[in-house]
Asker: 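Just dropping this structure here.
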Amino acid sequence: MTTTAAAPAPIRPAGYALLRAGPAAFLIHRRAALVAALLTLVLAAGCVGYLSLGEHVVAPGEVIQVVRGRPSPDGLVVGALRLPRLCVGLLAGAAFGVAGALLQTVARNPLASPDIIGITQGASACTVAALTFGIGSYAVLPYLSVAGGLLAAALVYVFAWRGGLHATRFVLIGIGFAVALRSVTQLFLTKGDYLVAQKAQVWMVGSLNGRGWAEAVPLAWALLVLVPCVLWAARAQRTVSMDDDTATALGVRLGRTRLGLATLGVLLAALATGATGPVDFVALLAPQIARRLTRTAQIPLLCSALLGACVVVLGDLPARMLFAPTELPVGVLTAAIGAPYLIHLLVRGHSGRRRAAGGSA
Amino acid sequence: MTTTGDRTASRLTARGLTLAYEDRTVVDGLDLDVPHGAVTVVVGPNACGKSTLLRALGRLLKPRRGAVLLDGTDLARLPTKEIARSVGLLPQTPVAPEAITVADLVARGRQPHQHWWRQWSAADERAVTEAMARTDVTDLADRPVDELSGGQRQRVWIALALAQETDLLLLDEPTTYLDIAHQVEVLDLVRQLNHERGRTVVAVLHDLNQAARYADHLVAMKAGRIVAQGPPAETVTAALVRDVFGLGSVVVPDPVTGSPLVVPGRPWQSPADG
């Protein structure tokens, strides 16, 4: 163990490739890049499958013709029905994935996903309240849902703040609000008339049913605006994964960085919920699976986005087909897969606590 | 209250510093000049406010009143990233991100020197390589931090603070959880850094004898105030030990270094043996 003698071989963080361009230099995690490339392939294949399969099966070659804008006899089924629905699924899934990754990072807790800390419940409560009061237009509901999600997050934030954002308090207060908001929703459902309740019930389980360009286009614009913020987050996320003292000593403005990351996560979750309704467990699952695949020290954002999109798109395909012509909401399917996985996480987390103790204290 | 001779110049000072958690005042109206280019060790009984003082010196704790000044400017008025290029701090119980490797963790010490568009430079590589060589963790570079022993892990954290390449280094009980050999190793490293690089070090230590051995300037605290400070040879006396720790002792010259060695009174004995 005597390495001090001669000039030691230069050390670079293991597993990273260095990308240089003039004065700029970026560290790229090799395994994460590989996983991202593979996920892109899976997602691309999934998209083609999504567009070609269904009650009316279209050959993949024909699907590609339609996507490229060529005239085709299947233009209506693929281009007007399946393609916009696919776009909503991709965008919302990616947004859920990144939202979960950011909130889990800030809270240092894998349970801190928007559907557990009250954001989606806030969106539900707001939407159901609007339906009860007779505001039933599909043009207004998504915006109300976004507002509800943001409002719930703001409440959780205000109540969790005590001279700083304490991770555990944030999660616990979020869970409290989630329960409270769920009962508010139930109250509106019981009070409202039968038709409202039915309409609300459909919305309350996230679904891509009947989603089209009207949802896809505003969501795409909103997410496009947030892309620079996500790039910032990818870097900032690194710094908040250390303990508070070390991060502060390294010159990180911890409070501000955390607030920025949490706000971005909440925005993404609220936007996605506005478009599809609460698709359970995607935000919880995608980042955890992504991290296990890439083995990075923090949750990888790009892979979380890709996995979120994969889960929603590949979940909606059987949801559409299993009981055709009746369509299952995709939220039912993601919940059916998600719940066992959550239990698995909790059981494993219990037996593997010694190892995890380094990261979650 | 003696000053340390020629080392009166000070980059880091505290003026009228009052520190409190919620409504409990821990340090009250404290003044301190950290001697430049020297190893300062803060000692005192449990809960005397020594770690709290160190946290305030490293701007981890905002003063209730008074200020900590770096080169004459209040820390509260300096950008935190700028402070991080001058002052490094190793907290008492740092926590690594799950599954991070040693080299990755040490590289994070370069954070204050990096930008989002320049995540790695030749200077970063040199600093990390050197910090890891100095702390003898080069061979551990690719190992996950979770799997290391306590002594190895502490050396990795010190490497992170070294990679930050600051003139001032604050260490909060850097020898806790280490066996005696590793304690000596860490303290020797601190002294070496100070002598070869002229780095100013402030460390909080539990062990009064280690403090007397390694400090150029010793600060003894009790109940949030500085009771005595100066070179250990002039500061550590049986009277001080009784005053600060409430312990009867004999102070003799250390047989190796000649620094004061505190030998506590006789252990309890059964009256029958007497």
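Chain letters run A, B, ... following the sequence lines, proteins first and then strands; every chain starts at 1.
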Asker: Name, in order of residue number, those residues of residues 93-105 of chain A that have a heavy atom at a distance of less than 4.5 Å from a heavy atom in chain B; otherwise write 'none'.
Answerer: none

Asker: Name the residue from B:Leu187, B:Thr176, B:Val42 that meets the side chain to side chain contact (heavy atoms under 4.5 Å, CB included) definition with B:Leu205.
Answerer: B:Leu187

Asker: Count the heavy-atom pairs under 4.5 Å between each of B:Arg110, B:Glu82, B:Arg118, B:Arg126 and chain A, then report the option with the highest count.
Answerer: B:Arg118

Asker: Considering only NZ, NE, NH1 and NH2 on the basic side and carboxylate oxygens on the acidic side, decide whether B:Asp23 and B:Arg64 come within less than 4.0 Å.
Answerer: no

Asker: Does a side chain donor of either B:Thr73 or B:Asp71 reach within less than 3.5 Å of an acceptor in the other side chain?
Answerer: no

Asker: Looking at every heavy atom in both B:Gln114 and B:Trp120, which two are closest together, and how far apart are they?
Answerer: NE2-CE3, 3.8 Å

Asker: Please classify the contact of B:Leu89 with chain A as side chain, backbone, both or neither, using a heavy-atom distance under 4.5 Å.
Answerer: both

Asker: B:Leu105 versus chain A, heavy atoms under 4.5 Å apart: side chain, backbone, both or neither?
Answerer: side chain

Asker: Between chain A and each of B:His113, B:Lys81, B:Glu125, count heavy-atom pairs under 4.5 Å; write down the option with the most.
Answerer: B:Glu125

Asker: Does any backbone or side-chain atom of A:Leu18 lie under 4.5 Å from a heavy atom of chain B? Answer side chain, backbone, both or neither.
Answerer: side chain

Asker: In a check of side chain to side chain contact (heavy atoms under 4.5 Å, CB included) between A:Leu254 and each of A:Thr239, A:Val240, A:Asp245, A:Leu259, which one passes?
Answerer: A:Val240

Asker: If you apply the rule side chain to side chain donor-acceptor pair (under 3.5 Å), what do you find for B:Thr80 with A:Arg256, and how did you get there?
Answerer: CA-CA 12 Å; B:Thr80 179; A:Arg256 227 187 270 196; over 6 Å; no

Asker: Which pair of heavy atoms, one from B:Tyr214 and one from B:Arg191, lies closest together, and at what distance?
Answerer: O-NH1, 3.5 Å

Asker: Which bit of A:Arg253 is near chain B, if near means a heavy-atom gap under 4.5 Å: side chain, backbone, both or neither?
Answerer: both

Asker: Minimum heavy-atom separation for B:Gln183 and B:Leu178, please, with both atom names.
Answerer: NE2-O, 2.9 Å

Asker: Picking from A:Leu250, A:Thr296, A:Thr248, which has the most non-hydrogen pairs under 4.5 angstrom with chain B?
Answerer: A:Leu250

Asker: Does atom CZ (B:Arg15) have a neighbourhood of more than 12 heavy atoms from anything else shown, all under 6.0 Å?
Answerer: yes

Asker: What part of B:Leu170 lies closer than 4.5 angstrom to a heavy atom of chain A: side chain, backbone, both or neither?
Answerer: neither

Asker: Contact part of A:Arg291 toward chain B, heavy-atom cut-off under 4.5 Å: side chain, backbone, both or neither?
Answerer: side chain

Asker: Does B:Asp172 reach the main-chain N or O of B:Pro91 with its side chain, forming a donor-acceptor pair under 3.5 Å?
Answerer: no

Asker: List the atom of B:Thr166, the atom of B:Ser86, and the distance in Å for their closest heavy-atom pair.
Answerer: CB-O, 3.2 Å

Asker: Which answer fits B:Val106, side chain, backbone, both or neither, if we ask what part of it has an atom under 4.5 Å from a heavy atom of chain A?
Answerer: neither

